[in-house]
Amino acid sequence: MTSPLYIQQGPSPTWWNSPAIWVTAQGDPSTGPKVISPIVGKPYTVWVEIQNFYMEADTSGWNLFVCWGTPFTGTLPSVNIGQILNGAMTSAGPQGAPITIPGGTLTSPGIVTLPAATTWTPTLENGGHECLVAAVYDEQDIGGLPTSVLLDGDATWNQSYSVAQHNLGVVAISMMMGKIVKYPFQVWNAADDDREFTVEAWQAPLSQIAHFFPGVQGGRKVLENPGKVNRLGLLASDKAESSELEKAPARVAGVKVPRRGARPFTLGVKLDKGNALIHVTQSLKGRVVGG
């Protein structure tokens with residue numbers, strides 16, 4: 001058996017904020033400024049940090065798959081060839097590219113930071129704010145790339161695969177103080193049956209984005225000016241008006257999503273001053289399943 005590899009997920013319950021996936025401007029090294037809010041039409045390199053906790057190097061059989069999707073809270077739906085950044089589309093579906101990772105130990109893993117083979121240029125979808133998903137897997141054990149498992153950023157790491165998701169959207173609102181800022185996203189249901197979810201928005205400590213400060217305007221200085229959000233609203237629509245978001249609740253229960261389907265949502269944020277980090281979570285029977 002080849003050595004199992006690992007891509008770090010975000011801290012619970014915000015597993016979608018993986019610090020092991022980030023982007024830099026094309027041409028910058030992986031240690032360059034990490035870009036949080038990519039600009040439409042500008043090229044970026046997507047980086048993935050992979051760890052090997054076994055002494056043996058991974059020399060064969062392991063693939064890395066990287067793709068992007070529009071902002072969502074659950075399992076990423078099936079991807080098309082235009083969304084694949086590391087790998088290809090085969091007759092059997094998406095396929096990753098072979099990789100080799102040096103060996104390590106349980107206390108000192110072998111670590112490699114790899115760039116996606118394809119440069120990522122955000123499109124006009126959702127203003128250029130898309131999420132990134134990376135999966136490393138043993139091709140022989142998995143038998144291809146089953147998207148129902150490997151494109152779920154909440155999947156548990158095991159001997160055959162590891163998957164992580166970077167779905168952090170930081171909205172620059174310094175020039176929009178006192179106004180409602182809109183952020184569209186989608187709530188997905190990857191199950192084979194209809195389900196009802198609870199969708200909720202809440203303010204989180206700014207310290208949770210410490211890993212990404214190099215890509216935030218002002219860097220760590222944002223911690224010196226924390227803001228208090230005085231309005232959070234959620235509407236099940238991608239065409240929500242500011243006046244509607246002003247009255248919308250921050251928590252919506254009983255959100256019905258058909259099997260293998262999605263519902264559009266819009267988050268509205270109003271901040272009078274300072275900086276803020278907002279999480280949007282999707283829960284099923286009290287368990288956070290996306291965000």
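Quantities reported herein were computed from a predicted structural model and do not represent experimental measurements.
Annotation for Trp188 and Gln282: closest pair O-NE2, 3.2 Å, computed over non-hydrogen atoms. What you find for Val229 and Ala276 is that their closest heavy atoms are CG2-CB, 3.7 Å. Shortest non-hydrogen contact noted between Ala248 and Leu234 is CB-O, 3.5 Å. Pairing each heavy atom of Ala134 with each of Val66, the nearest pair is CB-CG2, 4.2 Å. The shortest non-hydrogen separation linking Pro94 to Ile84 is CB-CD1, 4.3 Å. Residues Ala164 and Ser18 approach most closely at CB-OG, 3.7 Å, considering heavy atoms.
No side-chain heavy atom of Val163 sits under 4.5 Å from any side-chain heavy atom of Ile7. In this structure, the side chains of Trp16 and Val288 come closer than 4.5 Å at one or more pairs of heavy atoms. Residues Phe185 and Leu267 have side chains in contact (heavy-atom distance under 4.5 Å, counting atoms from C-beta outward). When side chains are defined from C-beta on, Ser162 does not count as touching Tyr137, because their heavy atoms never get closer than 4.5 Å. For the pair Thr118 and Asn86, the minimum side-chain heavy-atom distance is 4.5 Å or more. Counting heavy atoms from C-beta on, the side chains of Ile278 and Trp202 never come closer than 4.5 Å. Side chains of Cys67 and Val133 form a contact here, defined as non-hydrogen atoms less than 4.5 Å apart. Here the side chains of Leu132 and Trp47 are not in contact, with every heavy-atom distance at 4.5 Å or above.
Distance check, rounded to the nearest 0.5 Å: OH of Tyr183 to OG1 of Thr266 gives 11.0 Å. To the nearest 0.5 Å, the span separating CD on Glu49 from OG1 on Thr113 amounts to 4.5 Å. Atom CD of residue Gln8 and atom CD of residue Gln51 lie 6.0 Å apart, to the nearest 0.5 angstrom. A distance of 12.0 Å separates NZ of Lys270 from CG of Leu232, quoted to the nearest 0.5 Å. For the atom pair CG of Leu271 and CG of Asn230, the computed distance is 7.0 Å after rounding to the nearest 0.5 Å. Interatomic distance, Leu245 CG to Lys247 NZ, rounded to the nearest 0.5 Å: 11.5 Å.
Within the 3.5 Å criterion, the main-chain N or O of Arg195 finds no donor-acceptor partner in the side chain of Arg259. A distance-only check finds a donor-acceptor pair linking the side chain of Arg231 to the backbone of Glu246 [under 3.5 Å]. Formation of a donor-acceptor pair under 3.5 Å by the Trp68 side chain with backbone atoms of Gly82 is found in this model. Judged by distance alone, the side chain of Asn189 and the main-chain N or O of Asp193 form a donor-acceptor pair under 3.5 Å. His166 contributes no side-chain N or O that, together with a main-chain N or O of Asn17, makes up a donor-acceptor pair within less than 3.5 Å.
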Side-chain donor-acceptor pairs of residues 237-244 under 3.5 Å, sequence neighbours excluded:
from: Ser237; atom 1: OG; to: Lys239; atom 2: N; distance (Å): 3.0
from: Glu244; atom 1: OE1; to: Glu241; atom 2: N; distance (Å): 2.8

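Ring to ring, Trp62 and Tyr161 are not that close: their centroids are 6.0 angstrom or more apart.
At a threshold of 4.5 Å between side-chain heavy atoms, the hydrophobic network of Ile, Leu, Val, Met, Phe, Trp and Tyr places Ile142 and Met89 in one connected group. Phe53 and Ile111 are not part of a single hydrophobic cluster, where members link through side-chain heavy atoms under 4.5 Å apart.
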Give the C-alpha distance, both sets of side-chain angles, the deciding distance and a yes or no for side-chain contact (heavy atoms from CB on, under 4.5 Å) between Phe265 and Leu235.
-> CA-CA 6 Å; Phe265 261 79; Leu235 280 176; 5.8 Å; no

Trace of the side-chain contact (heavy atoms from CB on, under 4.5 Å) decision for Ile50 with Ile99 | CA-CA 10 Å; Ile50 305 171; Ile99 57 173; 3.8 Å; yes

Evaluate the side-chain contact (heavy atoms from CB on, under 4.5 Å) criterion for residues His279 and Gln203: first the C-alpha distance (whole Å), next the side-chain angles of each, then the deciding distance (0.1 Å), finally the verdict.
-> CA-CA 6 Å; His279 285 307; Gln203 184 175 2; over 6 Å; no

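Between the side chains of Thr45 and Trp120, no donor-acceptor pair of N or O atoms lies under 3.5 Å.
Using a 30° and 60° split on the angle between ring planes, Trp157 and Tyr6 fall in the tilted class, from 30° to 60°.
By the neighbour-count criterion of 12 heavy atoms within 6.0 Å, atom CD of Glu196 is densely surrounded, having more than that number from other residues, nucleotides or ligands.
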